[in-house]
Amino acid sequence: VCIHRVRSCSSIRFIKSKYVCVFDKSALKFSHQQRLFRTSAVSCGQIVQFKLSDIGEGITEVTVKEWYIKEGDSVSQFDSICEVQSDKASVTITSRYDGIIRKLHYNLDEIAYVGKPLVDIEIDASKGVAPEEDVVETPPMSHEEHTHQEIKGHKTLATPAVRRLAMENNIKLSEVVGTGKDNRILKEDILNYLAKQTGAILPPSPKPEIIPPLPKSETVPAAPKDKARKVPVPVSRPIVFSGKDKTEPITGFHKAMVKTMSAALKIPHFGYCDEIDLTQLVQLREELKPLAQIRGVKLSFMPFFIKAASLGLLQYPILNASLDESCQNVTYKASHNIGVAMDTEQGLIVPNVKNVQVCSVFEIASELNRLQSLGSAGQLGTNDLTGGTFTLSNIGTIGGTYAKPVILPPEVAIGALGKIQVLPRFNGKGEVFKAQIMNVSWSADHRIIDGATMARFSNLWKSYLENPASMLLDLK
Amino acid sequence: MVLRSSLKSCLQLACTLRTPKAGFRSTASGGLIIQSVSNDVYQNLAVEDWIHDHMNLENRQVLFLWRNSPAVVIGRHQNPWQECNLRLMRQKNIKLARRRSGGGTVYHDLGNINLTFFTNRKKYERMENLKLVVKALKALRPQLDVHVTDRYDILLDRQYKISGTAAKLGRTVAYHHCTLLCNTDKHVLSSVLKSPYKGLKSNATPSVPASVKNLLEEDHGLTCEMLLDAIAEEYAAQHQIDHHITLVNPADETVLPGINNKTEELQTWEWVYGKTPKFSVSTCFNMVCQDSILDVKVDMDVKHGRIEACNIDLPEQWLPPALCNELVKSLTGSKFCPNETTTLTTTLLKLCPQDDELHSRWNLLCKNMVTLM
């Protein structure tokens with residue numbers, strides 16, 4: 001394997017002092033040349049050409065497939081710079097230096113050559129040019145001895161900045177536990193090591209730290225206080241939070257929700273809530289569950305809620321209607337296509353069960369199973385997602401009692417079902433019994449629906465569910 | 001005979017992993033053979049990532065043996081729409097995974113075995129690995145006509161591809177993995193690796209199709225287990241280590257700390273689809289609407305798996321222009337994905353006037369748009 005050595009003098013280009021070296025772009029706006037902010041750590045850096053090192057197997061050229069950095073980004077040694085491909089092999093090229101990327105020599109899909117410059121990196125001049133060889137693979141050169149410390153046959157990895165920090169504080173890298181990638185020693189590791197030595201309390205770091213407990217005083221009451229005892233004095237430092245706000249565009253599912261809900265704003269909503277005693281329904285479902293199971297269908301409460309809603313809509317068809325754009329006409333929909341709100345990984349979707357008015361409870365359950373499995377696989381089709389006329393949202397499976405659901409245009413009503421709770425209630429004889437109580441919260445379009453209609457619909461729906469046998473009378 | 005150790009030695013290995021720099025301790029220096037107990041493609045790819053990131057391979061090499069339940073695996077820089085029939089895969093519940101190594105697309109099922117050779121970067125040598133496999137096959141069945149080509153494929157009878165290769169080189173570690181067809185369902189393989197999507201233009205690495213054959217067809221007595229054993233035995237002999245295969249559970253955080261994060265990452269949409277190099281779609285389709293056939297031309301630019309720019313050419317006034325604009329605006333920025341497109345288009349439909357004619361036209365257009373994805 002050839003090692004390309006760079007001759008220091010030919011590759012260093014010193015930046016003329018008239019260009020501002022500080023990474024503050026606004027400084028460039030000044031037309032007159034001015035020496036601006038110069039901290040002690042930053043000085044005009046030198047540009048080093050980082051060449052593409054040998055890939056192996058005699059390969060001389062590769063295709064650049066992805067850049068992980070762009071011009072102006074700062075990189076640390078060992079950070080990934082780009083991904084190149086050669087003949088079925090994908091290679092991650094990592095940086096040899098700490099510095100700022102000043103130039104990318106290739107665009108995506110261009111051919112890059114081994115031994116030729118890949119990127120230009122501006123490094124701190126005071127650190128000098130690091131050797132071209134990869135830190136881990138080659139033996140240390142004499143003047144670089146301090147950059148490699150061998151511990152039990154493993155070389156310690158640390159960037160030059162970290163090594164300087166260790167040197168300045170007389171710390172042996174072999175005594176520091178590295179927490180970075182490949183057990184690399186990071187700046188925080190040096191600071192932690194220092195803190196343990198001096199007992200000072202450091203500002204909170206992202207990783208949880210174990211601060212040694214203060215020594216307990218076990219003095220006998222009569223004994224005099226030990227003034228010489230050393231107690232670490234907490235140093236108050238400003239709490240540093242390095243989190244940043246993150247802005248991203250709204251797309252996909254969220255975009256759909258924005259559109260739907262913005263349109264819903266135009267609808268004047270009113271709410272109506274009630275509680276339903278599902279004690280009898282719970283028992284009925286327990287009896288019917290195994291029968292449905294035999295037929296290969298999972299039976300939840302929803303099919304009953306949906307069927308009862310459809311029976312109610314037969315009496316109050318205005319709740320299954322649609323108001324046109326100009327609010328001139330109301331269309332009473334013949335089909336009861338009842339939507340069921342579903343929470344998927346990507347967000348909220350509302351597929352609907354078509355023609356509930358002619359479906360049995362079992363058929364509704366079967367259809368729900370189909371929609372649920374398609375929904376979680378992300379494979380619901382247009383047909384399942386359009387044509388809804390009325391919606392139920394069973395938020396109770398997640399939790400909650402009362403809600404304030406938002407109507408999904410072009411519908412005019414929606415119901416949100418809370419969780420089923422076991423609560424004490426009084427029966428006809430004035431005795432307390434255990435009741436299975438669920439709350440329902442309806443919202444309706446007050447332009448065409450009035451409170452009385454909603455209340456009567458809700459009462460009818462409630463009566464079907466509280467006394468499931470009564471559904472038999474009206475089932476079609 | 002190769003001995004298989006189980007959980008006990010896994011636990012033994014776990015004890016040596018107390019130091020931050022985790023490393024499996026082999027019984028002798030030089031090599032280690034491990035086999036996954038999982039058939040989940042994402043978990044197994046995550047094991048490769050884990051070994052690449054965490055193991056010290058300066059003085060040791062590792063052979064990793066794994067098999068997956070039905071999945072299509074594309075190379076790092078490939079375009080899944082170009083390479084496979086995503087629609088069919090969704091129907092048949094065949095997973096799609098993107099690996100970190102380069103190369104082309106392959107179909108995995110339990111009749112295919114995967115071998116990964118881990119070495120340090122300097123000892124990366126694919127030809128040697130493949131010759132080892134051929135040697136193992138010949139030791140098992142001397143009459144097999146198998147040889148390695150200069151494209152790093154293994155051919156049976158000089159014409160059928162039974163193994164494809166890919167590799168990943170990192171800063172200090174390299175791995176070379178290859179497949180070996182023992183008893184794969186060739187019918188599913190060919191139907192799933194045929195892309196129905198037209199009009200795609202991209203710089204993604206294309207796959208080179210090849211005729212394939214199963215080793216089982218050549219010799220009915222062979223099984224995947226026999227092949228795995230033979231290869232492990234040859235590896236053990238060449239590296240002068242014990243015939244000892246250690247079983248590894250890719251879900252076990254105690255043995256492989258951090259592995260579940262890697263498995264999760266490999267399943268994200270951003271990795272599987274989002275890493276597709278920029279491509280454009282330029283195609284047209286016919287729609288039959290009330291006894292007339294309409295031509296629709298669609299142009300889209302897709303970057304990071306999302307639609308960057310979109311243009312739909314429809315017959316004049318077939319749909320209200322405002323609605324068309326809404327469609328284009330909604331699609332721009334959203335994922336090139338049927339699920340997301342369906343959600344957006346159905347939402348838009350609900351918000352426009354309740355006209356049956358309009359609805360049926362809209363549905364027709366959107367259904368066709370979704371078939372492009």
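Worth knowing before you read on, the calculation uses all heavy atoms, side chains too, and leaves out hydrogens, waters and symmetry mates. Every chain is numbered from 1 and lettered A, B, ... according to where its sequence line falls, protein lines coming before strand lines.
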Please flag which part of [X] lies under 4.5 Å from any non-hydrogen atom of chain A: side chain, backbone, both or neither.
X: B/K123; result: neither
X: B/T332; result: backbone
X: B/Q78; result: neither
X: B/K275; result: side chain
X: B/L351; result: both
X: B/T341; result: neither
X: B/R90; result: both

What distance separates [X] [atom1] from [Y] [atom2], expressed to the nearest 0.5 Å?
X: A/T382; Y: B/M369; atom1: OG1; atom2: CE; value: 12.0 Å
X: B/E340; Y: A/F253; atom1: CD; atom2: CZ; value: 6.5 Å
X: B/N203; Y: A/D109; atom1: CG; atom2: CG; value: 4.0 Å
X: B/T343; Y: A/L380; atom1: OG1; atom2: CG; value: 8.0 Å
X: A/K259; Y: B/L348; atom1: NZ; atom2: CG; value: 5.5 Å

Top of [options] for chain A proximity - count of heavy-atom pairs under 4.5 angstrom:
options: B/L349, B/T205, B/L331; result: B/T205
options: B/K335, B/R126, B/E125; result: B/R126
options: B/C337, B/G170, B/A167; result: B/A167
options: B/C366, B/G333, B/A204; result: B/G333

Using non-hydrogen atoms and a 4.5 Å limit, figure out which bit of [X] sits close to chain B: side chain, backbone, both or neither.
X: A/K333; result: side chain
X: A/S322; result: side chain
X: A/P249; result: neither

Evaluate the side-chain proximity of [Y] to [X]: yes if any heavy-atom separation is below 4.5 Å, no if none is.
X: A/D87; Y: B/Y152; result: yes
X: B/T342; Y: A/L385; result: yes
X: B/R151; Y: A/K88; result: yes
X: A/V91; Y: B/R121; result: yes

Practice problem: Determine yes or no for a side-chain-to-main-chain donor-acceptor pair under 3.5 angstrom, with B/K350 supplying the side chain and A/L408 the backbone. | Solution: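 No; zero donor-acceptor contacts below 3.5 Å.
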Which heavy-atom pair separates [X] from [Y] by the least distance, and what is that distance?
X: B/T346; Y: A/T386; answer: CG2-CG2, 3.4 Å
X: A/K255; Y: B/S330; answer: NZ-O, 3.1 Å
X: A/A256; Y: B/L344; answer: N-CD2, 3.9 Å

Quiz item: A/S90 and side chain to side chain donor-acceptor pair (under 3.5 Å): which partner among B/R99, B/H77, B/K168?
Solution: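 When side chain to side chain donor-acceptor pair (under 3.5 Å) is applied between A/S90 and each of B/R99, B/H77, B/K168, only B/H77 qualifies.
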Practice problem: Give a yes or no on whether A/H254 atom NE2 has more than 12 heavy-atom contacts from other residues, nucleotides or ligands under 6.0 Å away. | Solution: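 Open: at most 12 neighbouring heavy atoms sit under 6.0 Å from NE2 of A/H254.
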Quiz item: Going through the distances and angles, do B/R76 and A/E83 end up as a side-chain contact (heavy atoms from CB on, under 4.5 Å)?
Solution: CA-CA 10 Å; B/R76 173 75 173 78; A/E83 197 75 21; 4.3 Å; yes
